[in-house]
Each structure stands twice: as C-alpha cells, then as structure tokens.
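Numbers restart at 1 for each chain; the letters A, B, ... are given by sequence-line order, proteins then strands. Everything numeric here is computed off the predicted structure, so don't read it as measured data.
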Amino acid sequence: TELEVTHWWTSGGEAAAVAELANAFNANTDHEWVDGAIAGSSGVARPIIISRIIGGEPMGATQLNHGRQAEELIEAGLLLDITDVAEANGWMDVVNPSNLLSACTVDGRVYCAPVNIHSTQWIWLSHDAFEKAGTAVPANWDEFVAAGPALREAGVVPLAMGQQQWQTNLAFGALAVALLPEASWRAVNVDKDASVAAGPDYTRVFEAFDDARKLAVGSNVNDWNMATNMVITGEAGAQIHGDWAQGEFAVAGQVAGEDYSCLPGLGFREVLDTGGDAFYFPVTDDEDIEAAQKELAALLLSPEVQVAFNLKKGSLPVRGDIDMSAANDCMQKGIEILNSGGVLPSADMAFTQDTITQIDELMTTFWNTPDMTVAEVQESYAKIIASAD
Amino acid sequence: MADPVQFTGPHGPKPKTPFSRRNIMLYGTLIVVSLYYLVPLYVMIVTSLKGMPEIRMGNIFAPPMEITFEPWVKAWSQACTGLNCDGLSRGFWNSVQITIPSVLASIIIASVNGYALANWRFKGANVFFGILIFGAFIPYQVMIYPIVIMLREMGLYTKLGGLVIVHSIFGMPILTLLFRNYFASLPEELFKAARVDGARFWGIYFRIMLPMSMPIFVVAVILQVTGIWNDFLFGVIYAKPDSYPMTVQLNNIVNSVQGVKEYNVNMAATLLTGAVPLFIYFVSGKLFVRGVAAGAVKG
Amino acid sequence: MSSKVAAMPMAFTAVGIFVIATLWTVYHSFTNSKLLPKSELIGFDQYQRLWDSDRWILSIKNLAIYGACSMVFSLVIGFVLAALLDQKIRLESLFRTIFLYPFALSFIVTGLVWQWILTPEFGVQHIVRSLGWESFTFDPLFNPDIVIYGILIAGLWQGTGLVMCLMLAGLRGIDQEVWKAARVDGIPAWKTYIFVVIPMMKPVFVTTLVLIASGIIKLYDLVVAQTSGGPGLASEVPAKYVYDYMFGGQNLGQGFAASTMMLVGVLIALIPFAYLEFGGRKKHG
Amino acid sequence: MNSVEIKNLDLNFGAVKVLQNLNLDIKQGEFVVLLGSSGCGKSTLLNCIAGLLEVSGGQLFINGKNVTWSEPNERGIGMVFQSYALYPQMTVKGNLTFGLKNAKMPKDEIEKRVARAAEILQIEPLLDRKPAALSGGQRQRVAIGRALVRDVDVFLFDEPLSNLDAKLRADLRVEIKKLHQQLQNTMIYVTHDQIEAMTLADRIAIMKGGKIMQLGSPDEIYNRPQNLYVADFIGSPSMDFFEGHLENGVFTMGDIALPMADYEYANGPVSGPAIVGIRPEHILTGDQTAGAVTTQVTIDIVEPMGSDTLVYSSLNCKPLHIRMDGKAKVAAGETITIGFDPVSASLFDPTTEERI
Amino acid sequence: MNSVEIKNLDLNFGAVKVLQNLNLDIKQGEFVVLLGSSGCGKSTLLNCIAGLLEVSGGQLFINGKNVTWSEPNERGIGMVFQSYALYPQMTVKGNLTFGLKNAKMPKDEIEKRVARAAEILQIEPLLDRKPAALSGGQRQRVAIGRALVRDVDVFLFDEPLSNLDAKLRADLRVEIKKLHQQLQNTMIYVTHDQIEAMTLADRIAIMKGGKIMQLGSPDEIYNRPQNLYVADFIGSPSMDFFEGHLENGVFTMGDIALPMADYEYANGPVSGPAIVGIRPEHILTGDQTAGAVTTQVTIDIVEPMGSDTLVYSSLNCKPLHIRMDGKAKVAAGETITIGFDPVSASLFDPTTEERI
Ligand SMILES: Nc1ncnc2c1ncn2[C@@H]1O[C@H](COP(=O)(O)OP(=O)(O)OP(=O)(O)O)[C@@H](O)[C@H]1O
Ligand SMILES: Nc1ncnc2c1ncn2[C@@H]1O[C@H](COP(=O)(O)OP(=O)(O)OP(=O)(O)O)[C@@H](O)[C@H]1O
Ligand SMILES: [Mg+2]
Ligand SMILES: [Mg+2]
C-alpha cells in the first residue's frame with residue numbers, strides 16, 4: 001500500500017533523516033512511502049495537513065509537533081488510536097523520557113509515535129570566529145557576552161539570529177532555562193504563574209536577552225539554517241539554537257569539538273527540554289492503510305530506525321536502550337544529560353500554539369525594537385502568561 | 001508634380017530634430033522606467049546562468065563570466081524537496097492539467113454570468129453582482145475551511161474538479177465584472193435582432209455574443225492563466241502531493257534551503273515557473289490592451 | 001428562464017460561498033475556536049484581544065500605508081506611463097510589454113527577486129557602495145521604519161503594468177476632438193490631462209480601483225516571500241495576521257475576528273463604490 | 001380583421017410611465033409611421049409590438065391573435081434596426097438564415113427563401129460577404145432581408161435611415177417605398193424625420209410623451225393638424241402662429257383682417273380668441289398676391305436652398321417664414337408685399353390648443 | 001489682404017496623399033462652406049488651417065501672417081467640433097474661461113468676455129450647468145462661445161450640426177447664420193449636408209478626393225455647376241442626366257430636340273456629343289408647359305413632402321425626377337405631360353465632364 005507521509009523536513013540534514021525513515025519503511029514492509037514534503041515551516045504545512053484531515057482525504061501519516069497541537073483532532077476522533085501498537089512494542093517501557101509518550105496519550109490511549117527528542121538550550125560556537133577575534137572559545141553565556149566586543153573588532157557578528165519569530169523566542173527560552181532556578185522556570189512554564197514571570201528572576205533573563213539582541217546587530221538573515229551557516233563559515237561567532245542545527249554542521253562536513261563547539265544549557269545548567277517530533281496517523285476507513293499506518297508506527301520506534309534517523313537529524317533518540325556510540329560529541333552530551341535526568345517539559349507541551357505565537361511576537365518585537373526596555377517586555381510577558389490557558 | 005512653387009517664409013512641415021527636448025524627456029523617462037522593470041528580469045536571468053562560486057563573489061548585476069546551464073537543469077529535473085529530487089518537472093504537467101480546465105471553466109462561467117447580467121437583467125441581478133464584487137475583497141485564507149467542508153460534501157476534495165471549482169469561484173468576481181462591462185458595450189440591437197430571429201438565451205450567447213467577444217476572452221484567458229498558474233495556496237490545499245502544481249515545487253525549492261541558498265537554481269526555477277504566463281503575455285500583448293479597453297472602459 | 005439557470009453558478013457563488021462563508025466567519029469570530037471550528041459563543045473576547053494586540057494595530061497601519069501609497073503610486077505611475085505611451089511613440093508595444101510582463105509573475109516570485117535585489121550585502125546597496133559611495137545605505141528590508149516601502153517597490157513593480165494597460169485603454173477611448181479643442185484653446189498637454197482627460201476617465205478609474213484595492217486587501221504572499229513580516233513585526237499585514245493565527249497560532253477564533261474586521265473595512269470602502277456604480281445610473285437600468 | 005391591434009397599452013420603466021393607455025389599429029398592408037421628437041416613446045412602442053419589452057398593461061393582437069405574452073419570434077414580425085444590427089461574424093447569407101435555422105426549417109426551404117429575398121433586394125452577389133464589407137445601403141437591404149426571409153406579416157422599422165447621410169437616406173427611402181408597394185405587407189416605421197414620414201406613410205401617428213396626438217394620412221396631418229403641437233411639429237420650417245380674435249368669420253390680428261369664409265371648421269364656426277397658423281409656402285408673394293389680403297414685411301435673412309428660397313421676416317413682432325421660388329431674387333433688408341390664403345391656414349383654440 | 005490664404009497645401013498621411021496642391025483664398029468676413037462626400041478631406045483641410053495637423057507642404061496665412069508653423073492657439077482661430085468636445089466636468093463658465101485663464105488673462109477681462117459671449121449666445125442662465133445638463137442646441141452654443149470669448153478672427157466649424165435631429169439642425173443653422181451677420185467674422189464651415197451649405201455659405205467649395213472641384217456662390221454652384229461631379233452632387237434629388245448630341249445650338253436626345261439658343265455657354269457654342277442635366281424643379285408641368293418642348297411620361301412613385309411633391313418617372317429609360325407643387329394631385333401610374341426649360345439646364349462634355 002502506498003502511504004503518503006507529510007512533513008516539513010526539507011533542509012539538508014532533515015531531508016537526509018527522512019530518507020532513512022522512508023528507506024526503512026520501503027525495505028522492511030510491503031508498503032511504499034509517498035513523500036509529501038512541504039517546505040516553509042509548520043505555518044505553511046499545518047493548514048494543509050489539517051485541511052486534508054477535516055476534508056476527509058487524509059494522508060497516511062503526518063508529522064506534527066506533539067503536545068497540545070493535536071488535542072482537538074483527537075477529541076474529534078480524526079486520529080488513529082495506536083495504543084495496540086504501543087503495547088505490542090512495549091513503548092511504555094522503552095520510551096525515555098517517559099513524558100514523551102504521555103504527550104501522545106489522551107485518556108490513556110496513545111495517538112502518536114514520537115520519533116526524536118529535540119532540545120533547544122544550545123549555543124553553537126564557531127572556532128574559526130573566535131580564532132579571528134583572538135579569544136578562547138567561551139565556556140558559557142557570560143564568557144560569550146564578554147567576548148562580544150572582540151568579535152565585533154574582528155568583523156565578526158557575535159551572535160547569528162534568523163529573522164523568523166520563533167527563533168527569537170527559542171533563544172529567549174534557552175536563556176530562561178539556563179539562567180533560572182528550576183522552580184521559577186516551572187512556575188512559569190508549567191504552572192503559568194504570572195507573578196514569577198514579573199519577578200526579579202525573570203528580570204535577569206530579559207537582561208541577558210537584551211545583551212543577546214545587541215550582540216546580534218548585523219545579522220541580516222531570515223532562515224535558521226542561514227544563521228547556522230554564518231556560524232559554519234565563521235561570519236558569526238555563535239548561534240543560540242536547537243540541536244537540529246548540528247545536522248547542518250554535519251552536512252557541511254564540520255566536526256564537533258574541532259570546527260565548532262556546543263554548550264547545552266548555554267554552559268550553565270545542564271538541562272534540556274524534551275520537545276520533539278511525532279507522527280500522527282489520521283483515521284481512514286481503509287483497512288490496508290490502517291495496517292500500513294500501524295506498521296509504520298512500530299517501525300518508527302524500532303532501534304535501528306531510531307539510530308539511523310537521529311544520527312542524520314542530529315536529534316536524540318526516544319529510546320534509552322539503544323547504542324548511540326556513533327553519535328558525535330554534542331549528541332553524546334545530550335544523551336548524558338538525558339540519562340542523568342536533567343529533563344524539562346517543552347514549551348509545546350505547556351502552552352497552546354496560540355500562546356506560543358503571542359510570545360513569539362513579543363520576543364520578536366523586543367528584539368527588533370531597540371527602544372523597548374527590559375521592564376516593558378517583562379510586563380507584557382507577564383500579561384501573556386497570565387492569560388494563557 | 002506641377003512646377004515647383006517658390007515660397008518665402010515658413011512652408012511645409014515645421015523642421016524638427018529627432019533630439020528635441022520633448023523627445024529626450026519622453027524617451028529618457030521611458031527608458032529609465034524600463035530599467036526599473038527590466039532589472040529584476042536581468043538579475044534573474046544572469047544569476048540563473050552563473051555558478052554558485054561566482055554568485056558568492058557578490059555582484060548580482062555582473063554578467064556571468066562563465067555561462068552554465070547547470071542551474072536550469074537542476075531546477076527542472078534535480079532539485080530536491082524532501083525525498084523527491086525531480087525538480088519542477090514533476091509539477092509542470094500537473095500545472096498544465098490544473099490550469100487548462102480551470103481557465104476554461106472559470107471563463108465559461110464568468111462569461112455566462114456577465115452575459116446574463118448585461119443582457120437579461122433578471123430581478124436581483126444587481127444584488128448578486130454587488131455580492132460578487134464584495135467577494136473580490138475577501139481574503140482567501142478566510143474561505144479555506146468552509147470550502148474544504150463544501151468540497152468534502154460534494155466529494156470533490158483533492159480532486160481536480162474541486163480545484164477547478166475553487167478557481168472558478170475566486171475568478172468569478174473580477175471576470176464577471178469585465179464580461180458584464182464588455183457585453184453591455186455591445187449594441188443592444190444585436191441582442192434584440194437575435195430575439196426576433198427566435199434565438200433564445202443560449203442561442204444568442206453562443207451564436208451572437210461569443211463570436212464577437214474575442215478581445216475580452218483574451219483578457220480573461222491572460223488573467224486566469226496568470227492567476228491560476230501562479231497560484232500556490234489553493235494548489236497546495238485542494239490538491240494532493242501527486243497532483244501539486246509547479247508553484248508548490250517552486251516554493252519547496254526556494255524555501256528548502258540545503259546548506260547554502262542556491263540562488264542560481266532558485267532563479268532558474270522562478271523563470272521556469274513564470275515561463276508559461278510570460279509566454280502568453282509576449283504573444284498576446286496587443287490583444288490584451290485592446291480587450292482591456294473593451295472591458296474596462298465602459299462602466 | 002435560461003437566464004436564471006445560467007446565473008445559478010453566480011448566485012450559488014455569491015450566496016453559497018461569499019455570503020454563507022462570510023457569515024460563517026463572522027459567527028466563528030465570536031467563538032473560542034482553536035484548531036477546529038467550534039460553535040459555543042464567547043462574546044467579544046476575540047475582538048478585545050485583537051484590538052489589544054500591537055501586532056494587529058501595526059498590521060493595520062502597515063496596510064494603510066501600503067494601501068494608500070500603492071493606490072496613489074499605481075494610479076499615478078500607471079497613468080503617467082500610459083500617457084507617455086499615448087504620445088504616438090516608436091516601439092510602443094515593446095515598452096508596453098516591458099511594463100506589463102511583471103504582472104505575469106506571481107507575488108512569490110516577485111517577492112523573492114526583490115528580496116534579493118534589496119539585500120544590502122549584495123543588492124543595490126552593495127553595487128552603489130562598490131562604485132565608490134561608501135556611505136550609501138539602502139536596506140529597506142532590514143530597516144523596520146521603511147520596510148513597508150521595500151515591499152511597496154516590489155508591489156508596484158508587479159502591478160503597475162496592468163494599471164498602465166487599463167489607463168491606456170481609457171486614454172484611447174477619449175474623444176480625440178477634446179484634445180483638439182484643448183489645443184485650440186492653447187491648453188498645455190499636462191493641464192489637459194489633469195483637468196479634462198482624467199475627469200473623463202471615471203469608469204476606468206473605478207474598475208482600476210476595484211482591481212487594485214482587492215489586491216491590496218489580500219496582500220499576503222508578497223510579504224511572506226519578501227520579509228516574512230520582518231524585521232520583527234515591522235512588515236506585518238492583516239491578511240498575514242489572519243493566516244498566522246488561523247493556522248500558525250491555531251486560534252481560528254482570533255483569525256476570524258481579524259478577518260471580520262477586514263471585511264467590515266471592505267464594506268465601508270465599498271459603499272461609496274456601490275453608490276457610484278449603481279446609485280447614480282438607475283435610469284439606464 | 002386588423003393586422004396589428006393595440007389595446008390600452010401601458011408601459012412603465014419602474015416608476016416612469018412611458019406609454020399610457022395607448023390604442024392603435026393598423027390595417028393589413030398599411031404603412032404606418034410613428035413620428036415624434038426624441039424620447040416620446042416611439043422605440044418603446046415598437047419594442048412592445050415586437051415583444052422585446054414586456055407590457056405593463058393592455059393587449060396586443062397581430063392578425064387577430066393575442067400575442068401579448070408571445071415570444072418575439074412567434075409574433076410574425078420582422079424588425080429592422082437603426083444600426084441594422086447585422087451579426088458581424090456571419091456572412092450575409094448567415095444573417096439571413098439565422099432565424100430560419102433557429103426555427104429548424106428544412107434546408108431546401110431555407111435556400112428557396114434566401115434566393116427569393118436576395119432577388120427582391122438585389123443582393124445576390126453579396127451573399128458571401130461579411131457585413132463589414134458592405135456599404136450602408138447594402139447593409140440596410142440585408143437587414144430588411146432578414147425580416148423578409150422569415151415571411152412575416154408585419155415589418156417593424158426603428159429609424160432605419162437615421163445613421164446615413166442625406167443622399168443615401170433619400171435613395172433608400174425610395175427603395176423602402178418600392179418594397180412596400182411590391183410586398184404589400186403591413187409596415188410600422190419609426191422615425192423623427194418628417195420627410196421620411198410624409199413620403200412613406202399611408203398614415204402617420206404623431207406621438208408626444210407616450211401618447212398619440214394625431215393619427216392620419218400625411219395630407220391630413222400636414223394640412224389639417226389636429227392641434228397646436230402637431231401643427232408646430234410638422235413642417236420645416238414650421239408653421240408660424242399669430243394670436244388674434246375670431247369674430248363673425250373674420251380673424252383679426254393687429255390691423256390685418258382675414259375673412260375666413262372658405263375655412264373648413266372642425267366643428268362649425270365659432271367666435272372668440274384664436275390662433276392662426278400659416279405655413280411658409282402658403283404665404284403668397286409676387287403676382288400671386290393679387291386679390292388676397294396683403295401686408296408689407298421686411299426681409300431679415302434669405303436662405304437659398306436651391307429648389308426654393310426661404311425668407312425670414314417678422315409680422316406683429318412674431319417670426320414669419322416665407323417659402324419662395326428658388327429663382328426669386330430677394331435680399332435681406334428689402335421690403336416685400338405678401339398675401340394670405342385663408343383656406344390653407346389653420347385655426348386653433350388658445351386654451352385647449354385644439355383645431356377650431 | 002485675405003483673411004485666410006492657403007497656398008499649394010499638401011498633406012500626406014504616410015503614403016496617402018489626402019490634400020494635394022490646394023489653394024484657397026478667403027476674404028475677411030466671408031462664410032465659406034467646405035462641402036463634399038465622406039472622406040474627401042474636408043476635416044483634414046480644416047485641421048490644417050487650425051494647426052491641428054502639420055502640413056506636408058505649402059503655406060498658410062491668416063490675416064496676412066504666415067502661420068504655417070504656429071501653434072493652434074496662436075493662429076487667431078476658434079473651432080467648433082462635431083461632438084462639441086466640451087470639457088464634461090467643467091461648468092459652462094469653466095468651459096468658456098479655461099482657455100483664457102490658461103492665457104493668464106486678467107480676471108475682469110475674462111468676466112467681460114464671458115458676459116458678452118453669454119449675451120450674444122443667450123446662455124446666461126446656463127453658465128453654472130455642466131454640459132451633461134444641456135440640450136444639443138445649448139451645447140453647440142457653448143462650443144461656439146468657447147471660440148467667441150477668445151475673440152478670434154476665424155471661426156472653424158467641423159460638421160457642428162450633424163449629430164442633431166432635423167428640426168434642431170434647421171434651427172441652429174439659422175442661429176449660426178444670424179451670428180455670422182452679427183459678428184462679421186470669417187467662418188469656414190465643413191459639412192456634407194447640402195442644405196446647410198446652400199443656406200449658410202457666401203461661397204461653397206465642393207471637394208472631392210482632396211481637391212476643390214468648384215468654388216463659388218451657392219447660386220453658381222446650384223445653377224451653373226462647373227462639372228458633372230458637382231452637378232450630380234448638389235441637389236436632392238439630384239439632377240437627371242441624359243446623353244445626346246449638340247449640333248447647331250440644338251440638343252437632341254432620342255426623339256426630343258431642345259433648342260439651346262438662350263443657354264449661356266461656358267466658352268461659346270460648341271458641337272458634338274453632350275450630356276444634359278436637368279433639375280427636378282426645372283421640369284415644367286401643368287400650365288407651365290405651354291410653349292415649351294414637351295413629352296409624355298408615366299409616374300412610378302409619388303412622394304408628397306408637404307410643401308411640395310416629388311414624382312419619380314423615367315425618360316429614355318433613365319430615371320427622371322419631377323418636383324411638383326405640394327398641392328398637385330397626381331398618382332402612380334398616371335401619364336402626364338412635361339416640358340423642358342433649356343435656360344435652366346446644364347450641358348456637359350462627356351469626356352472631360354466639364355461644363356460646356
Ligand atoms: N430602460 C429604460 N429605463 C427607463 N427609462 C427608459 C428606458 N428606456 C427608455 N426609457 C425612457 O422612455 C422614454 C421613451 O424612450 P424611447 O427610446 O422609446 O424614445 P424614442 O421615441 O425612441 O426616442 P429616440 O427618437 O431618441 O429614439 C424616454 O424618456 C426614455 O428616457
Ligand atoms: N490619421 C490618418 N491616417 C491615415 N489616413 C487618414 C487619417 N485621417 C484621415 N485619413 C484619410 O484622409 C481622408 C480624408 O479624411 P477626412 O477626415 O478629412 O475626411 P472628411 O472629408 O472630413 O470626411 P467625413 O465627412 O467623413 O468627416 C480619408 O480618406 C481618410 O481615410
Ligand atoms: Mg428610438
Ligand atoms: Mg470629417
């Protein structure tokens with residue numbers, strides 16, 4: 001059976017990773033992977049995916065960030081219950097951290113297959129750039145801020161940042177995780193406590209964020225991978241970005257530790273949030289397709305596929321029980337943190353997409369409005385947290 | 001000729017220089033403005049013929065030092081989207097298959113509407129027309145879900161027929177306006193004569209009105225080919241991956257950055273995608289102006 | 001009877017799509033629909049939030065600036081070009097084709113090309129600087145204060161050709177004797193255009209305005225292709241707000257509220273037009 | 001049985017009443033001209049007869065059949081329009097056969113009819129041309145042919161000549177007249193050109209504001225206009241009117257007294273204020289004045305028109321027109337003697353404006 | 001000094017020669033009408049005089065000044081167009097003053113001129129209306145006013161009446177005539193309506209194919225046409241022509257012999273084949289035939305036209321038109337006796353087509 005799979009993985013590293021999934025599916029089952037890639041981020045892809053589902057002509061499987069995005073589709077009975085697959089394959093035991101699976105679970109039923117873990121608390125540093133500036137490669141955020149003037153001096157943009165809204169927000173989230181005590185972080189990002197968001201702990205985060213925006217002046221690129229490319233070529237000193245950035249480094253043939261470094265938690269707190277990608281399977285009334293869907297679901301979490309996929313994608317596997325020794329330096333760091341339990345839930349799970357969009361907007365406004373003060377942005381932020389549901 | 005006459009003082013045509021101030025101003029302005037219009041095309045073409053190293057050197061206006069058709073080949077048949085590495089070629093036939101019936105259907109419907117509005121003036125016609133014009137202003141995005149639901153109910157969702165309907169619906173306001181104005185400008189007596197001759201609604205439409213409407217049909221064809229060929233939103237939402245139009249591929253090529261942006265491939269892809277409407281423009285420019293004159297001027 | 005049958009698609013579209021869908025949209029703007037449309041009403045919350053949103057206000061402002069400039073410049077440039085082409089010049093069809101061809105390209109393509117030309121690192125700014133004028137700065141797409149004009153440049157490039165065509169058609173429809181009368185009166189050509197010819201071209205201007213205005217309201221692709229609304233939120237427009245909230249933010253209600261506001265704006269703008277188009281000419285029915 | 005019978009016809013465009021309670025009977029074979037100034041409803045009436053406008057009230061009969069609700073092609077009428085309304089994309093033959101094909105007439109019958117019409121109208125050599133390649137006169141013949149082939153009882157003409165120049169107009173007028181003599185169909189002809197009306201009509205209906213003011217033969221209309229409107233409307237230049245008093249069969253205006261003994265009164269002799277109307281050619285000049293009531297007038301303008309000469313003058317401070325022979329040698333400023341012929345004058349009541 | 005002098009004027013549109021070596025002198029205050037069929041170059045000539053078309057060769061003088069290269073507004077001409085070409089969005093006053101304001105004329109002078117023009121043309125009450133709210137006649141007056149306020153020497157009219165209906169045409173014709181008498185400006189008037197030409201002109205220039213065929217007073221043109229073209233062109237219905245032979249002062253056609261003793265020969269008596277042209281009103285009927293050469297003809301069609309009656313007949317198998325009195329009672333099919341008046345006939349040479 002042909003199974004159409006939609007996703008928005010179209011950058012170099014991503015496409016290579018998808019190819020692993022497709023090859024495995026074509027090789028290990030009697031079915032065929034029909035690729036439905038749509039470029040241009042989830043904003044473009046999502047209406048298409050949802051239209052297809054509510055229009056009664058769903059694809060076989062689709063990527064969605066798991067978390068609250070799919071809640072309503074599940075409630076409307078549009079997504080396939082794959083609890084039987086999960087049980088048969090013992091997902092409850094192997095998925096690590098376990099909250100990944102709970103994000104797929106509604107009322108005790110499993111509706112999605114998580115495929116990877118993405119964490120966003122990373123800063124990527126170009127060795128080349130720091131060499132030009134004549135400073136050592138920083139070991140944490142503060143050192144990096146201190147090296148800023150030297151980098152400027154050397155004609156290097158200290159911090160690369162793409163213009164898309166979610167990237168600014170991502171940087172903010174990374175700073176928050178790195179700089180906040182865990183309790184404060186949880187108070188805001190899990191319990192939505194606006195008073196903490198308005199408090200002094202958060203003031204420090206916004207101040208750091210203010211530093212970041214000053215360091216990023218002169219970074220005129222749009223896409224995240226363009227920003228990553230600036231780090232790869234040494235045009236920029238660093239980029240705060242998710243772990244998928246290392247896919248780009250890999251495609252460019254760079255070696256972690258030699259050409260570039262990565263600091264999880266910005267070098268302060270070795271914790272990662274555990275968002276990630278998952279595949280959902282829309283309900284069809286075609287039994288063949290349903291069988292194929294379930295086979296795909298099972299395959300996605302199989303150890304071989306997990307290894308192959310995540311190596312290409314630069315993300316962490318969702319199973320703790322597989323051998324990732326082939327992974328590079330940075331990925332190893334991530335696995336260590338995971339294994340040591342330094343795990344936070346991801347924003348995708350805590351906030352609705354609506355709230356995230358609002359925060360995205362706020363951060364972007366702040367980032368691009370030099371007149372906006374730290375106090376102002378913090379106040380607006382607290383307001384959004386207060387109204388989040 | 002008769003014997004030459006001797007004139008004193010000015011006679012014959014007033015002497016002119018080809019470089020009168022007026023001509024310099026006139027042609028100067030036209031040429032400068034033309035540059036503004038041509039520069040992007042020039043940049044697209046030049047860039048699409050350069051290799052990536054040359055592009056990185058930075059001058060987008062410099063002509064290629066070494067002409068390469070590699071980007072064109074890549075854009076047409078090799079560029080990747082996700083796993084599919086067959087470039088635009090995949091979408092080309094889809095686009096053709098979508099465009100032809102959509103253009104035909106939307107024009108037929110709109111011309112019949114325009115004809116009914118201009119010549120038959122049934123009750124409430126103006127109200128419908130007013131709503132149609134209002135419809136021209138509705139942002140497409142708003143209509144996505146209602147139309148998905150409608151097409152689902154009709155069983156046409158993700159079918160070519162559904163896409164044709166969608167294009168017809170969204171082409172209707174402006175086309176109807178043009179056709180209505182055009183038909184209203186034809187002599188009403190022709191219509192009366194045909195009625196006396198016993199022709200009815202369709203008879204008059206096909207036998208009398210259609211043969212006289214070449215110019216406005218040219219305009220409609222151009223507008224619709226351009227619009228439908230270039231459409232991305234409806235193509236991606238109301239079709240399936242195996243029937244996605246070329247613009248979806250274009251969007252994928254342009255937006256899926258693999259490493260560095262391959263500007264030359266992007267430009268080649270852009271030119272390839274625009275080729276069909278551009279071709280139609282170049283061959284029918286004159287008719288277009290004439291048709292626009294017929295459809296737009298008469299209020 | 002056939003006339004009514006033939007008008008069915010139109011009636012269906014007018015009522016079935018435009019009216020029903022509009023009502024559907026308006027209704028759902030009063031709900032808390034998120035990913036999927038829901039029908040419980042929640043009052044004016046979405047509107048309150050909408051008008052509290054800086055981004056929405058900014059979008060409206062941008063649209064206002066873009067719309068006003070686009071209208072004025074399209075009409076002015078389109079008319080001037082048409083007037084120039086109407087001077088019995090050589091190579092008229094060549095010039096006409098040059099002005100018109102961008103209209104064949106989609107906004108995505110337009111946005112892409114102009115994004116590129118306007119990028120400081122290798123676009124116009126780079127060229128001028130490399131010619132020796134080091135301090136020259138022209139970075140509309142990266143300067144929040146003028147980014148909307150950067151989009152305008154591209155929008156005009158794409159759309160003025162059609163306006164020029166319409167205007168040319170209108171000019172060709174003017175009674176030549178009026179021109180002669182003005183020459184005998186000794187009126188210079190530019191005055192004749194402004195005081196005599198333009199007022200005579202009202203129907204053309206009406207059609208043109210409908211075309212331009214319906215395009216302006218729907219402005220979306222161009223912004224996405226050229227700036228994605230950036231830098232920051234500096235080039236956001238209402239249609240993008242609608243789209244982002246409906247599909248990115250998964251807050252249909254908010255998107256619907258925004259689009260309802262857009263429709264209200266359109267209605268207000270259309271009233272004078274409807275009056276012009278239908279009100280003044282009842283007699284000819 | 002009348003060929004066309006119009007009973008109490010009303011027609012409104014929305015609130016505008018264009019035709020009001022109009023009655024008209026036309027006999028078989030009659031040539032009736034509808035004459036009136038622009039906007040008086042002539043075309044509207046014709047369109048009602050043709051079925052191109054739906055009547056608001058009243059009935060229409062053609063050949064005794066009530067056709068009020070019939071389609072245009074079922075009424076047995078053919079129509080010739082001002083612009084001819086030939087189908088530009090069809091050949092002459094296509095134009096002629098379009099109606100017949102619509103009626104699903106057999107091929108050979110169509111051929112026969114086209115041949116006959118082409119012969120009558122002498123357009124055989126043109127059958128394969130497109131209308132654009134025809135002269136004005138030829139186009140008109142084709143337009144008539146279109147009605148002819150359909151073998152209709154009633155021909156309707158809506159100002160078929162008004163787009164043409166004077167010379168052609170005169171020629172085609174004669175052709176239409178000949179055609180009528182040959183075919184003997186009923187013809188209803190709309191015009192606002194008096195010459196056309198006078199020369200073509202068996203009867204003329206003068207219309208004003210959607211009403212028929214007078215219906216009669218050209219001679220009646222010209223020489224015995226029923227009311228002031230008709231009197232003023234017909235004739236170029238029109239009648240000159242002078243107010244005065246009618247007493248004991250003598251009409252007095254200023255110091256001129258006209259004995260109206262031989263005048264044919266509409267309802268017998270009356271007395272009271274009256275208006276006299278005199279046509280320019282009924283003013284006697286030169287030798288003719290002998291024996292008539294005369295007066296002296298000064299010439300303002302002389303318009304030589306070739307076959308005759310028009311003289312503008314005034315009498316009792318009212319304009320007076322005089323039509324003289326084309327060879328009369330008179331000049332502006334001259335004073336001449338003129339005489340009146342009471343028999344050819346018309347008298348009207350100043351209040352009702354009706355003929356006395 | 002002539003008001004307008006045209007010397008050896010040539011005008012080509014590309015390869016098409018529209019005017020060729022045309023000469024025309026017009027005296028101060030003269031009313032000259034350019035008459036000719038459609039496409040003969042009348043408008044073109046007028047546009048050359050106005051400076052709206054650039055001449056290809058030759059010279060133009062207005063009031064003795066060489067204006068060949070002058071701008072239209074510098075030539076001292078005013079022009080009235082067929083469509084009037086009023087500026088539709090300006091009031092009547094705006095239309096009148098637009099040119100003056102543009103010439104930076106002082107305000108009070110403008111007011112004075114507008115007041116004068118408005119008085120002459122009697123359009124004072126209309127000054128604040130827009131052209132759309134005016135009747136055809138009023139529009140024309142405004143168009144004339146536009147030339148009037150500019151105080152020009154020469155008025156040019158390009159078929160100013162041809163868009164109007166017959167009645168209005170007749171009225172406005174008279175107004176233009178009066179205006180000319182009042183203003184005494186030079187006027188050049190283009191038309192293809194003979195009646196207009198005959199009634200308005202001091203001199204008529206008959207044009208054909210870009211050349212002037214005859215230039216003369218209306219009387220000359222009508223009664224002594226210079227050549228066959230002019231003879232045929234002027235008069236409605238036109239002259240009837242019969243071929244025959246001229247020998248010893250007697251013209252013979254078929255069995256009719258006309259003694260041409262009193263005929264005014266153009267260049268003295270000649271002999272040889274000739275064509276005689278006779279106008280319908282010069283055919284004698286009834287009592288008038290006494291003493292004239294007579295023959296019998298049968299009537300084909302009778303057209304009563306009110307003031308006179310036109311009779312269609314034939315003579316020697318050629319059509320013959322007869323204009324009779326409006327009260328003549330004749331009917332188709334009747335045979336009547338007609339007579340010829342040699343003095344009012346015209347004779348032409350069949351080869352050169354010139355008047356004999
Ligand atoms: N569709 C319409 N709606 C409203 N009024 C109309 C319509 N058609 C005609 N009229 C009015 O009806 C009246 C009669 O019009 P009609 O065309 O019959 O005049 P007409 O006598 O044929 O004039 P003309 O000589 O100019 O052709 C006019 O006053 C006109 O304004
Ligand atoms: N712009 C032009 N280019 C080429 N030929 C032209 C042009 N204008 C006029 N002509 C030709 O010149 C000739 C004279 O035209 P003109 O308009 O002077 O005729 P006219 O006597 O005014 O006719 P009408 O009575 O129809 O107005 C015509 O044969 C016409 O086809
Ligand atoms: Mg009419
Ligand atoms: Mg002309």
Open item on the list: Please identify which of these residues, E/Leu148, E/Thr186, E/Ile188, meets the side chain to side chain contact (heavy atoms under 4.5 Å, CB included) condition with E/Phe155.
Closed with: E/Leu148
TODO: Specify which of C/Asp175, C/Val178, C/Val184 makes the most heavy-atom pairs with chain E at under 4.5 Å.
DONE: C/Val184
Task: Residue part contacting chain C, namely of E/Glu74, when any heavy atom lies under 4.5 Å - done: neither
Open item on the list: With a 6.0 Å cut-off on the ring centroids, do C/Phe195 and E/Tyr87 count as close?
Closed with: no
TODO: Evaluate the side-chain proximity of E/Ile120 to E/Arg116: yes if any heavy-atom separation is below 4.5 Å, no if none is.
DONE: yes
Task: Among E/Arg146, E/Glu71, E/Met90, residue most engaged with chain C (heavy-atom pairs, under 4.5 Å) - done: E/Arg146
Task: Passing candidate, side chain to side chain donor-acceptor pair (under 3.5 Å) with E/Thr191, options E/Arg173, E/Gln82, E/Glu196, E/Lys42 - done: E/Glu196
